[in-house]
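When a ligand or atom number is given, it counts from 1 through the structure's own listing order.
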Amino acid sequence: MKKGDWLLLISEDGYKHVVRYSGRRIETIRGFLEPSDLEAARYGDVLTTSLGHKLYVLRPTLYDIMPHLRHATQVIYPLDAEFIALVAGIGPGSVVVEAGTGSGHLAALLAWRVGPQGVVYTFEKRPNFAEIAWGNIKSLGLEDRVELAVADVVSHGFGVKNADAAVLDMGDPWNAVGAALRALRRGGALVIFSTTVDHAQKSLSALRRAGVLDINMAELSARFWKISEGEMRPETRTVSFTGFVIWGRSPGIKL
Ligand SMILES: C[S@@+](CC[C@H](N)C(=O)[O-])C[C@H]1O[C@@H](n2cnc3c(N)ncnc32)[C@H](O)[C@@H]1O
């Protein structure tokens with residue numbers, strides 16, 4: 001392992017600790033792991049802590065890491081983020097525009113999806129949020145496929161043409177629909193994430209006014225289960241609502 005690597009430390013009885021290796025000793029409730037042991041280890045190895053517990057050192061997935069990134073704003077849940085990527089057809093090589101960057105969680109997932117041949121142009125109007133988002137994106141090694149600009153997309157637009165997808169997760173996305181359509185190629189996907197019914201209605205009206213094709217809306221939820229033997233049941237604490245994903249396809253520039 002080297003400084004900056006993300007680690008998933010996991011025991012056979014289900015204890016889990018996600019951490020970014022800083023070059024210093026890692027403290028867990030199962031004991032310490034010393035830098036000399038960590039630096040000699042590779043993903044897949046099993047290390048013994050100062051208290052004699054065995055911990056597997058695995059490479060965490062983005063899903064494991066996302067809750068451990070910095071939060072400066074409300075952030076997208078991984079389920080919504082993946083669904084957004086799916087309905088927008090975002091995959092290897094896609095060119096995506098996104099606003100607002102917020103804490104960069106959605107930008108990170110989209111960057112992961114577009115791969116090294118794609119690019120995510122993400123826009124955030126508040127410099128302090130942009131700085132935190134950039135730190136998150138860099139901590140994941142995704143900075144080569146993300147262009148982050150501090151700008152207000154309602155007043156300045158995206159300055160990009162022929163994007164494959166535009167994603168809006170911001171307070172007033174209905175005011176950025178024109179800018180998003182100007183950034184998209186004909187047929188490109190426009191996705192809005194709205195957290196209230198009132199905002200969803202305003203977004204839907206803006207999409208209809210702009211002639212967006214094939215408009216859809218969905219809300220997603222996942223019910224996690226406790227799977228201890230002899231005690232199988234849904235988890236009692238759960239996130240029951242995150243927001244509405246609204247999406248459609250650009251008819252080409254009419255505005
Ligand atoms: C809910 S957060 C986005 C969270 C982000 N999707 C994530 O997963 O980390 C909304 C962000 O949009 C930004 N924003 C709002 N209006 C904007 C605009 N007109 N242009 C650029 N950013 C904007 C806000 O400053 C805020 O950081």
Peer 1: Mind checking whether Thr73 has an N or O less than 3.5 Å away from an N or O of ligand 1?
Peer 2: no
Peer 1: Closer than 4.0 angstrom, basic N to acidic O: yes or no for Arg113 and Glu82?
Peer 2: yes
Peer 1: Quick one: look at Ala151 and ligand 1, take heavy-atom pairs under 4.0 Å, and tell me if it's side chain, backbone, both or neither.
Peer 2: backbone
Peer 1: Could you tell me whether Leu106 and ligand 1 have an N or O pair separated by under 3.5 Å?
Peer 2: yes
Peer 1: Looking at residues at least two apart in the chain, or sitting in another chain, which of them share a side-chain hydrogen bond (donor to acceptor under 3.5 Å, both in side chains) with Thr242?
Peer 2: Asp80
Peer 1: Is any side-chain N of the basic residue among Glu235 and Lys226 closer than 4.0 Å to the acidic one's carboxylate O?
Peer 2: no
Peer 1: Would you check the N or O atoms of Asp169, main chain and side chain alike, for any that come under 3.5 Å of an N or O of ligand 1?
Peer 2: yes
Peer 1: Just jot down the ligand 1 atoms closer than 4.0 angstrom to any heavy atom of Phe123, in number order.
Peer 2: 21 (C), 22 (N)
Peer 1: Roughly how far apart are Tyr121 OH and Glu98 CD, rounded to 0.5 Å?
Peer 2: 14.0 Å
Peer 1: Closer than 4.0 Å to some heavy atom of Gln74 - which atoms of ligand 1 meet that?
Peer 2: 1 (C), 2 (S), 4 (C)
Peer 1: Taking distance alone, with no angle check, do Lys125 and ligand 1 share an N/O pair under 3.5 Å?
Peer 2: yes
Peer 1: Is ligand 1 less than 4.0 angstrom away from at least one heavy atom of Ser155?
Peer 2: no
Peer 1: Salt bridge between Arg25 and Asp37, side-chain N to carboxylate O under 4.0 Å?
Peer 2: no
Peer 1: Restricting to salt bridge (Lys or Arg N to Asp or Glu O under 4.0 Å), what partner residues turn up for Arg233, sequence neighbours left out?
Peer 2: Glu231
Peer 1: Can you find an N/O atom of Arg126 closer than 3.5 Å to an N/O atom of ligand 1?
Peer 2: no
Peer 1: Please confirm whether Phe129 comes within less than 3.5 Å of ligand 1 when only nitrogen or oxygen atoms on both sides are compared.
Peer 2: no
Peer 1: Taking atom OH as the centre, does Tyr63 end up with more than 12 heavy-atom neighbours from other residues, nucleotides or ligands that are less than 6.0 angstrom away?
Peer 2: no
Peer 1: Provide the number and element of each atom of ligand 1 under 4.0 Å from a heavy atom of Val154.
Peer 2: 19 (N)
Peer 1: Could you tell me whether Thr101 approaches ligand 1 through its side chain, its backbone, both or neither, with non-hydrogen atoms closer than 4.0 Å?
Peer 2: backbone
Peer 1: Ligand 1 and Val153, any nitrogen or oxygen pair closer than 3.5 angstrom?
Peer 2: yes
Peer 1: Show the atoms of ligand 1 that are less than 4.0 angstrom away from any heavy atom in Gly104.
Peer 2: 9 (O)
Peer 1: Please check if the number of heavy atoms outside Arg70 that lie under 6.0 Å from its CZ is greater than 12.
Peer 2: no
Peer 1: Look at atom 12 (O) of ligand 1 and say which protein heavy atom is nearest, naming residue and atom and giving the distance to 0.1 Å.
Peer 2: Gly100 CA, 3.4 Å
Peer 1: Is His71 atom NE2 crowded by more than 12 heavy atoms from other residues, nucleotides or ligands, each under 6.0 Å away?
Peer 2: yes
Peer 1: Measure from the ring center of Trp134 to the ring center of Phe129 and say whether it is less than 6.0 Å.
Peer 2: no
Peer 1: What protein heavy atom is closest to atom 13 (C) of ligand 1, reported as residue, atom name and distance in Å?
Peer 2: Glu124 OE1, 3.3 Å
Peer 1: Does this structure show an ion pair linking Arg185 with Asp164, if we count only N-O contacts that are shorter than 4.0 Å?
Peer 2: yes
Peer 1: Relative to the heavy atoms of Asp152, which atoms of ligand 1 are at a distance of less than 4.0 Å?
Peer 2: 18 (C), 19 (N), 20 (N)
